[in-house]
There are 2 protein chains.
Amino acid sequence: MCENAGLAVTHQRHVIYEILKNMHGHPSPEEVYARVKRRIPSISLATVYKNLHLFIESGIFHEVSLHHGSLRVETNHRPHHHLVCTRCKSISDIDAKELGLAAKHGKLPGGFLAQRYAVDVLGLCAECQRKAD
Amino acid sequence: MCENAGLAVTHQRHVIYEILKNMHGHPSPEEVYARVKRRIPSISLATVYKNLHLFIESGIFHEVSLHHGSLRVETNHRPHHHLVCTRCKSISDIDAKELGLAAKHGKLPGGFLAQRYAVDVLGLCAECQRKAD
DNA sequence: GTTCTTGCAAAGGATTTGCATCCTC
DNA sequence: GAGGATGCAAATCCTTTGCAAGAAC
């Protein structure tokens with residue numbers, strides 16, 4: 001299966017993978033755990049966490065927020081977006097104008113009222129590119 | 001000062017505000033606490049947390065990630081972005097094509113290598129708009 | 001004076017870690 | 001068999017809460 005990432009194919013890992021494939025939305029580890037538990041009652045939450053991290057590190061799944069974890073206050077009051085380094089997790093600012101995305105405001109399909117855009121540009125910062133040579 | 005938001009002007013609150021104004025980047029509560037403690041050694045971390053939340057609720061400051069908190073796995077493998085309701089915090093998906101932002105890949109100013117865009121459209125979902133009438 | 005705030009300590013939730021045992025390769 | 005994976009419990013990190021004492025309006 002998808003385990004050319006150097007991961008052993010264990011029963012637990014396989015079931016977690018299958019369940020993730022068939023879930024939709026943005027499940028939390030607890031939600032995944034609850035589903036997996038129905039098929040493997042003896043599984044532990046720690047195992048679910050470990051495997052979710054492995055899947056994310058391997059790029060098999062993404063996580064929704066690249067900078068979840070702790071509360072961060074935005075001190076830059078100018079319109080700007082974020083450059084998020086996927087390697088070192090650093091976040092730096094870039095002026096909205098400099099990035100130049102044409103963002104639609106107002107109603108979107110589905111009736112959602114768009115008021116503000118928060119863009120994360122994911123990639124590698126200059127420093128991590130140098131190290132990756 | 002900025003306290004037409006119905007907040008009492010306490011010494012602690014004032015100092016926290018001033019310090020936030022003069023910080024840059026995306027400080028964590030602990031970092032803010034450390035700075036404030038230099039001016040008010042007796043301040044408690046809980047007070048910093050309470051005031052950060054009040055500032056954010058009042059719109060005086062923003063928080064960096066609208067959906068920090070717990071790990072969420074992305075189960076939608078199609079290119080898409082997120083509609084984040086600022087009232088009920090719900091997150092729904094919208095196809096990248098449907099949103100239609102022209103995103104630049106490759107090198108950005110500062111040497112950042114852009115690989116992927118994660119866009120949060122902040123606003124009100126249809127349901128919360130109805131309730132807000 | 002009444003109400004909102006603070007500081008402290010304890011509680012809570014989410015996530016990680018250590019370790020013995022078990023399972024893939 | 002060797003090394004990675006699991007399960008459990010304890011530990012840790014981040015954040016919130018309860019409450020008595022203190023400050024703002």
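In the text below, chain A, chain B and the rest are named by the order of the sequence lines, each starting its count at 1.
- Residue B/Thr47 is in base contact, counting any heavy-atom pair closer than 4.0 Å across all strands shown.
- One interatomic measurement links the two molecules: CZ of B/Arg72 to P of C/dT15, which rounds to 9 Å at whole-angstrom precision.
- For B/Ser70, counting side-chain heavy atoms from C-beta on, the closest listed nucleotide (C/dT15, D/dT15, D/dA5) is C/dT15.
- Looking at B/Asp120, its side chain never comes within 3.5 Å of a backbone N or O of B/Leu122 through a donor-acceptor pair.
- D/dT6 atom C1' lies 15 Å from atom CG of A/Leu52, rounded to whole Å.
- Checking side-chain atoms of A/Thr75 against main-chain N and O of B/Leu20 turns up no donor-acceptor pair under 3.5 Å.
- Atom CD1 of B/Ile40 is separated from atom P of C/dT5 by 15 Å (rounded to the nearest Å).
- The CG-C1' distance, from A/Leu45 to D/dA10, rounds to 14 Å in whole Å.
- In the set D/dT16, D/dT6, C/dT6, D/dT16 carries the atom at the smallest distance from any side-chain atom of B/Tyr49.
- In terms of phosphate contacts, B/His11 brings no side-chain nitrogen or oxygen within less than 4.0 Å of OP1 or OP2 of D/dA24.
- A/Asn51 contributes atom CG, which lies 8.0 Å from atom CG of A/Leu7 (distance to the nearest 0.5 angstrom).
- For the atom pair A/His62 NE2 and A/Ile56 CD1, the distance stands at 9.5 Å (nearest 0.5 Å).
- We find that CD of A/Glu31 is positioned 14 Å from C1' of C/dA14, with the value rounded to whole Å.
- Candidate nucleotides C/dT15, C/dT5, C/dT16 were compared by shortest atom distance to the side chain of B/Leu71, and C/dT15 ranks first.
- Residue side chain A/Lys50 does not reach the base of D/dG4 through any donor-acceptor N/O pair under 3.5 Å, judged by distance alone.
- Outside the 6.0 Å centre-distance limit, the rings of A/His81 and A/Tyr117 are not counted as a close aromatic pair.
- In this model, the phosphate group of D/dG7 is approached by a side-chain N or O of A/Ser42 to a distance below 4.0 Å at OP1 or OP2.
- Look at CD1 on A/Ile16: it is 11 Å from C1' on D/dA5, rounded to the nearest Å.
- For D/dA23, the OP1/OP2 oxygens have no side-chain nitrogen or oxygen of B/Gln12 closer than 4.0 Å.
- Note: CZ (B/Arg13) to C1' (D/dA24) measures 10 Å, nearest angstrom.
- Ranked by how close their nearest DNA chain D nucleotide is to the 5' end, B/Ala46 and A/Asn51 are led by A/Asn51.
- Note on B/Ser28: nothing from the nucleic acid sits closer than 4.0 angstrom, heavy atoms only.
- Summarising the geometry, the separation between CG on A/Leu54 and C1' on C/dT16 is reported as 13 Å, rounded to the nearest angstrom.
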